[in-house]
Amino acid sequence: MNHQADASAWQALKVSLDAQGQLVWQWQQEGQLAVLSEEPGGWWRHFNAWISRVLRLEKWLSNILAACRSFRCTVRY
């Protein structure tokens, strides 16, 4: 089984539980329902998610944005 969905399918993934209570990822591919039993993505994507959790990047970013708001900074994307 291929554990990588193409980029357009990533935006339409639906995560749900199967009959055994395990997570599955579903999407439409060429009119058919495709199902993965493992989180989609390659090793690089999984590594980036892991390093973000370990370094608590989300916490850092929220603190930076909070500080920026208190100083009325403009954040541009």
Side-chain angles (χ1 to χ4, degrees):
M1 177 185 290
N2 182 2
H3 294 288
Q4 294 190 24
D6 65 33
S8 62
W10 286 65
Q11 297 174 7
L13 286 175
K14 177 183 174 186
V15 181
S16 59
L17 297 175
D18 65 9
Q20 292 79 32
Q22 301 296 313
L23 287 174
V24 291
W25 288 259
Q26 303 171 342
W27 75 98
Q28 291 289 324
Q29 183 176 20
E30 299 176 7
Q32 300 284 334
L33 180 64
V35 180
L36 293 175
S37 59
E38 295 180 13
E39 186 174 2
W43 69 270
W44 184 247
R45 182 180 175 101
H46 292 277
F47 173 76
N48 282 324
W50 175 81
I51 202 75
S52 294
R53 281 191 308 271
V54 169
L55 296 178
R56 301 180 64 192
L57 294 180
E58 188 174 338
K59 178 89 169 155
W60 287 9
L61 290 174
S62 65
N63 288 341
I64 290 169
L65 287 174
C68 193
R69 283 188 200 109
S70 68
F71 291 110
R72 298 188 186 269
C73 299
T74 303
V75 178
R76 299 179 195 266
Y77 298 96

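The shortest non-hydrogen separation linking Q29 to A34 is OE1-CB, 3.8 Å.
Here CD1 of I51 is found 14.0 Å from CZ of R56. Values are rounded to the nearest 0.5 Å. Distance check, rounded to the nearest 0.5 Å: CD1 of I64 to SG of C68 gives 9.5 Å. Atom CH2 in W60 sits 14.5 Å away from atom CG in L65 (nearest 0.5 Å).
Evaluated for a side chain to side chain contact (heavy atoms under 4.5 Å, CB included) with K59, the options N63, L61, L57 yield exactly one hit, N63. Checked against Q26 for a side chain to side chain contact (heavy atoms under 4.5 Å, CB included), the options V15, L33, D18 give a single hit: L33.
Note on L17: it clusters hydrophobically with L13, by side-chain heavy-atom contacts below 4.5 Å among ILVMFWY residues.
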